[in-house]
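Numbers restart at 1 for each chain; the letters A, B, ... are given by sequence-line order, proteins then strands.
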Amino acid sequence: MGLPRRPQFTGLLAMTALPIGRKKMTDQVRVRFAPSPTGFLHIGGVRTALYNWLYARQHGGKIILRIEDTDLERSTDEAVEWILDGMRWLHLDWDDGPYRQTDRFDLYQQDIDRLITENKAYRCYCTPGELEVMRKEALAKGRPTKYNGRCRNLEDGARDGDHTIRFKAPQTGQIVVDDMIRGSVMFDETQMDDLIIRRSDGSPTYNLTVVVDDALMGITHVIRGEDHLSNTPRQIQLYEALGYEVPRFGHMSLILGPDREKLSKRHGAAAVSEFMEMGYLQEAMINYLVRLGWSHEEQEIFTVEQILEHWSLDEQKKSAAIFDHDKLNWVNAQWMKKLPPEEIAYRLAPFLEKRELVQKTPDREWLTKMVLTLRERSTTLVVMAQKAEFYFRELEYDPEPAEKFLTADVAPLMDKVYEFLAGQENYSQEALHESIKAFLETEGLKLKAIAQPLRIALTYRKDSPGLFEVMEVLGKESTLARIDKARKWIRDQ
RNA sequence: GGCCCCAUCGUCUAACGGUCAGGACGCCAGCCUCUCACGUUGGUAGUACGGGUUCGAAUCCCGUUGGGGUCACCA
């Protein structure tokens with residue numbers, strides 16, 4: 001339909017960055033969002049992106065987008081698109097990237113070579129099958145499942161063939177993670193495993209690539225989910241082995257499902273795209289997500305600008321939060337009313353198209369008026385599109401209320417109302433309200449007497465927006481046609 | 001199971017060691033009203049347990065319990 005379509009993504013929000021805490025270029029904040037393109041963009045990933053974005057914008061820093069696609073088996077281009085779409089939908093823009101790790105394999109290889117040369121990594125010839133056996137054995141005996149070090153001190157050339165590269169993890173001492181959210185967390189190096197840093201097919205693995213990239217890209221703050229906390233000491237060992245500066249870490253609590261387990265698809269929606277399709281507003285998603293684990297006074301509804309002004313990473317709660325759809329719905333409903341109706345009309349358009357409801361070529365102004373009648377009773381755009389249906393096409397009467405209200409005894413009254421409305425020219429809701437009230441008074445009647453029958457006639461349902469608003473949006477012609485149709489329906493009964 | 005993290009209403013969260021433990025969602029009831037909503041008023045409901053420290057503990061310490069995460073040639 002000829003509805004105006006605006007480019008989905010603008011870099012506009014980048015300009016809302018507060019110039020607070022701006023520092024010299026040398027210690028400028030650099031954060032990154034580094035999703036792996038192995039599926040849909042999880043809502044938890046979105047929250048990570050959001051926190052990084054906020055942190056960068058608050059500190060006048062940069063945010064880098066990096067696609068971690070070293071898992072050649074599971075990574076897809078489609079998933080990369082999903083990530084970008086999600087970021088754009090939420091207006092989370094980035095300053096650099098997207099980089100893809102598959103474009104940077106030679107960089108990782110250089111550092112792997114360096115580790116081998118410096119005797120900080122070694123070739124491991126154990127097969128997946130052998131490793132599996134070792135692991136099962138260890139688990140059965142009830143103790144640590146780490147690699148037994150069989151190939152750790154192999155003579156050069158002692159074995160040949162397929163091999164992985166393992167990092168020789170230091171085994172003495174302790175590692176302290178000074179976490180921005182959790183405070184200091186200590187790990188014992190005896191727990192550290194000799195991680196595989198290069199697969200037998202030559203591709204580097206996650207723990208190596210994150211470290212190399214974060215170091216090379218000058219990342220100063222790593223903000224990510226708590227599920228990465230136990231990876232952190234391993235990564236710190238790698239930073240040190242490679243002689244790179246260790247960044248600051250901040251591990252945010254996870255989002256849980258109602259059963260208190262990590263939120264996933266089986267809890268219902270977990271992908272951004274689903275929320276988009278369910279008709280949630282971008283503003284509401286951001287608002288809801290930021291309130292999960294953080295609060296400011298007794299405020300519930302925040303614009304991005306307000307979040308930027310008040311939010312702070314170190315005020316973030318440490319405990320995991322359960323995703324509450326009811327609360328999201330409420331937040332969304334607030335935003336449905338808060339955004340300008342023209343804006344809602346604009347965003348509603350695709351949902352109307354999906355229901356094939358725009359054949360009437362509605363103009364923007366008309367659509368806005370319609371939105372005004374619907375927004376108080378629509379939690380999402382999908383709900384609004386549903387409720388809008390009667391404006392666009394003729395429907396079957398909802399049988400129960402039709403039988404109850406469209407009865408022979410209201411027929412004469414319907415006739416009178418029809419005649420009266422036929423004589424009216426001003427179909428603004430205010431005028432209609434006044435004139436009909438006055439008219440009914442002369443008839444010695446109350447609005448109540450005719451409200452429900454009229455409602456069924458005009459909207460086919462027993463629940464609807466106010467009658468006068470409906471008439472205004474419908475216009476004189478449709479209003480009369482529908483009342484007439486109801487009169488005939490009554491007669492045919 | 002090892003290691004790590006966490007713990008205030010059902011849920012999201014407030015509370016410099018001194019508050020009748022506050023707000024929000026949900027739920028219930030009243031009001032508003034042409035229906036449904038919106039709005040509004042009120043109600044329901046919580047410091048996991050046990051020890052300390054202290055004149056005084058939701059708050060600090062220890063333990064228990066509970067929940068979560070993580071232990072891959074995934075990220």
Pair assignment for B:A48, Watson-Crick or G-U wobble, requiring both distances under 3.5 Å = B:U64

query = Of the nucleotides B:A24, B:C36, B:U11, which has the atom closest to the A:Arg260 side chain?
reply = B:U11

ask   = Which part of the nucleic acid does A:Glu261 contact within heavy-atom distance under 4.0 Å: base, sugar-phosphate only, or nothing?
value = sugar-phosphate

key: Options B:U35, B:A75, B:C3, nucleotide nearest the side-chain atoms of A:Phe187   = B:C3

task = Using distance alone, with no hydrogens and no angle criterion, decide if A:Asn329 and A:Tyr280 have a side-chain donor and acceptor under 3.5 Å apart.
result = yes

request  = Can you spot which of A:Arg47, A:Arg182, A:Lys317 makes a salt bridge (charged side-chain N to carboxylate O under 4.0 Å, His left out) with A:Glu226?
outcome  = A:Arg182

key: N or O in side chain of A:Lys318 less than 4.0 angstrom from B:C6 OP1/OP2   = yes

request  = Among B:U35, B:C73, B:U70, find the nucleotide with the atom closest to the side chain of A:Arg377.
outcome  = B:U35

inquiry  = Categorize A:Glu469 for me: base, sugar-phosphate, or nothing, with a 4.0 angstrom heavy-atom threshold over every strand shown.
reply    = nothing

task = Answer yes or no for A:Arg66 and A:Phe33: cation-pi contact, defined as NZ/CZ to six-membered ring centre under 6.0 Å and angle to ring axis within 45°.
result = no

query = Under 4.0 Å between a side-chain N/O of A:Gln191 and OP1 or OP2 of B:G1, yes or no?
reply = no

Stretch residues 226-236 of chain A: residues that reach within less than 4.0 Å of RNA chain B through a heavy atom = A:Glu226, A:Asp227, A:His228, A:Leu229, A:Ser230, A:Asn231

query = Any side-chain N or O of A:Lys387 less than 4.0 Å from the OP1 or OP2 oxygen of B:A37?
reply = no

Shortest side-chain distance from A:Phe468, nucleotide among B:A72, B:C34, B:C36 = B:C34

Polar contact flag, side-chain donor to acceptor under 3.5 angstrom, A:Asn207-A:Gln235 = yes

inquiry  = Tell me whether the side-chain N/O atoms of A:Arg455 come closer than 4.0 Å to OP1 or OP2 in B:U33.
reply    = no

key: Nucleic acid contacts - residues 97-110 of chain A versus RNA chain B, non-hydrogen atoms under 4.0 Å   = none

Proximity to the side chain of A:Leu467 - top-ranked nucleotide from B:C34, B:C6, B:U11 = B:C34

request  = Could you work out which one of B:C6, B:C34, B:C73 sits closest to the side chain of A:Leu447?
outcome  = B:C34

